[in-house]
Amino acid sequence: RQCYEQGLIKSPTLAGRVSVRFVIGRDGSVANVKNGGSDLPDRAVVNCVFRVYYGLSFPEPEGGIVTVTYPIQFAPQ
């Protein structure tokens, strides 16, 4: 949310989707983050959201690594 709010300061009508494709490693940490088809026009906001994912952790997945694509829709209130 903080990433998007920073973008709104520069562009009050900023809207779009950030689609994050990330890999959950065997230990539950996020091992890789890529663009999964984002259309939000502010690259700084998109990259900020991607960086946040590196700090996340999940339960250790059963059977190895897991790849997830997670879309987030942003729109001003």
Is V30 linked to I72 within one hydrophobic cluster, defined over Ile, Leu, Val, Met, Phe, Trp and Tyr using a side-chain heavy-atom separation of less than 4.5 Å? yes
With a cut-off of 6.0 Å (strictly less than), are more than 12 heavy atoms of other residues, nucleotides or ligands near OH of Y54? yes
Heavy atoms of R43 and N35 approach each other most closely as NH1-ND2, 3.5 Å
Has R21 got more than 12 heavy atoms of other residues, nucleotides or ligands less than 6.0 Å from its CZ? no
Can you give me the closest heavy-atom contact between S29 and D27, atom names plus distance? OG-OD1, 2.7 Å
Is there a path of hydrophobic side-chain contacts, each under 4.5 Å between heavy atoms, that joins V20 and L56? yes
Measure the acute angle between the ring planes of F22 and Y53, then classify it against the limits of 30° and 60° as parallel, tilted or perpendicular. tilted
If a pair satisfies disulfide bond (SG atoms under 2.5 Å apart) and one of its residues is in residues 47-77, list it, with sequence neighbours excluded. C3-C48
Nearest atoms (heavy-atom pairs only) where P41 meets A15: CD-O, 3.6 Å
Backbone of R17 reached by a side-chain donor or acceptor of D39 within 3.5 Å: yes
Does a side-chain heavy-atom distance below 4.5 Å link D42 with Y4? no
Are the side chain of S38 and the backbone N or O of S19 linked by a donor-acceptor pair below 3.5 Å? yes
Mind listing the closest non-hydrogen atom pair of P61 and G25 along with its distance? CD-O, 3.3 Å
With heavy-atom distances below 4.5 Å as the criterion, would you say the side chains of V18 and F50 are in contact? yes
Do K10 and V45 have side-chain heavy atoms sitting under 4.5 Å apart? no
In the single-linkage hydrophobic clustering (I, L, V, M, F, W, Y; side-chain heavy atoms under 4.5 Å), do V23 and V52 co-cluster? no
